[in-house]
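The next block holds one structure in the form of structure tokens; read it before the comments.
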Number of protein chains: 2
Amino acid sequence: MTTPLAAFVKQRRKLLHLSQTDIAAKAGVGLRFVRELEQGKATLRLDKVNQVLRLFSHELAPAPLDRTQLIGALL
Amino acid sequence: MTTPLAAFVKQRRKLLHLSQTDIAAKAGVGLRFVRELEQGKATLRLDKVNQVLRLFSHELAPAPLDRTQLIGALL
DNA sequence: CCAAATTATACCCTTACAGGTATAATTTGG
DNA sequence: CCAAATTATACCTGTAAGGGTATAATTTGG
């Protein structure tokens with residue numbers, strides 16, 4: 001299963017030519033976590049996800065449900 | 001402590017004239033969770049937060065860090 | 001084509017999230 | 001003003017998230 005969040009992380013990571021290990025180290029989370037994140041696990045912890053997103057100058061925020069995939073595709 | 005997410009939930013909830021108990025029941029989460037959510041706890045589980053946000057036709061999505069507060073204020 | 005790097009899966013263990021309940025504090029409207 | 005409702009805190013418990021490590025599968029570029 002894949003989710004917009006998972007796709008976002010994987011795409012941004014590759015844009016910077018970083019490995020999952022790199023991300024884990026830079027974000028201060030476990031390697032396992034980065035993998036589960038990129039595989040769309042739904043039960044992750046909010047703060048840990050944000051630690052990763054901050055590497056890309058992003059964070060989790062409430063977004064309208066319908067437009068969310070569309071918008072995600074744009075940026 | 002308060003966060004954009006916490007503020008969003010509390011504000012939307014009041015807009016619909018619902019109590020924390022109502023939200024908890026409708027979202028299928030514990031009352032304790034709704035409270036910690038509205039108080040800005042950072043370590044919540046992603047899926048549970050989304051269960052609540054869906055009541056407002058929203059969900060968590062990656063958003064650019066800087067503009068996030070500004071945008072949150074608008075909608 | 002193959003070796004190195006990267007990613008995926010599986011295991012065990014520790015920790016703390018989430019739920020329930022009970023009680024106190026606060027807010028609200030009658 | 002006060003009673004009812006709502007919200008906040010505290011405690012205990014089960015469960016699973018997250019970390020570490022080890023190993024298999026996959027991808028990549030030399």
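A quick note: this is a predicted structure, and the numbers were derived from the prediction, not measured.
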Quiz prompt | Flag side-chain contact, heavy atom, 4.5 Å: B/F56 against B/L15 | solution = no
Quiz item: Does D/dG19 have a Watson-Crick or wobble partner in any strand here, with both distances under 3.5 angstrom, and which is it?
Solution: C/dC12
Practice problem: Would you mind reading off the distance between A/F33 atom CZ and D/dG18 atom P, rounded to a whole angstrom? | Solution: 5 Å
Quiz item: Across all strands, who's sitting opposite D/dT27 as a Watson-Crick or G-U wobble pair, both distances under 3.5 Å?
Solution: C/dA4
Quiz item: Does any nucleotide pair with C/dG19 by Watson-Crick or G-U wobble geometry, both distances under 3.5 Å, and what is it?
Solution: D/dC12
Quiz item: Once you round it to whole Å, what is the distance between P of D/dT26 and CD of A/E38?
Solution: 18 Å
Practice problem: Measure from the side chain of A/V29, starting at C-beta and using heavy atoms only, and say which of D/dA8, D/dG19, C/dC17 lies closest. | Solution: D/dG19
Self-check item: Euclidean distance, atom CG of residue B/N50 to atom P of C/dA18 [Å, nearest integer]
Solution: 13 Å
Quiz item: Could you state the NZ-C1' distance from B/K10 to D/dA8, rounded to the nearest angstrom?
Solution: 10 Å
Quiz item: Do A/D47 and B/L44 touch side chain to side chain, with heavy atoms closer than 4.5 Å?
Solution: no
Quiz item: Looking across every strand, which nucleic acid part, if any, lies under 4.0 Å from B/L44 by heavy atom: base, sugar-phosphate, or nothing?
Solution: sugar-phosphate
Quiz item: Rounding to a whole Å, what distance do you find between A/R13:CZ and C/dA5:P?
Solution: 17 Å
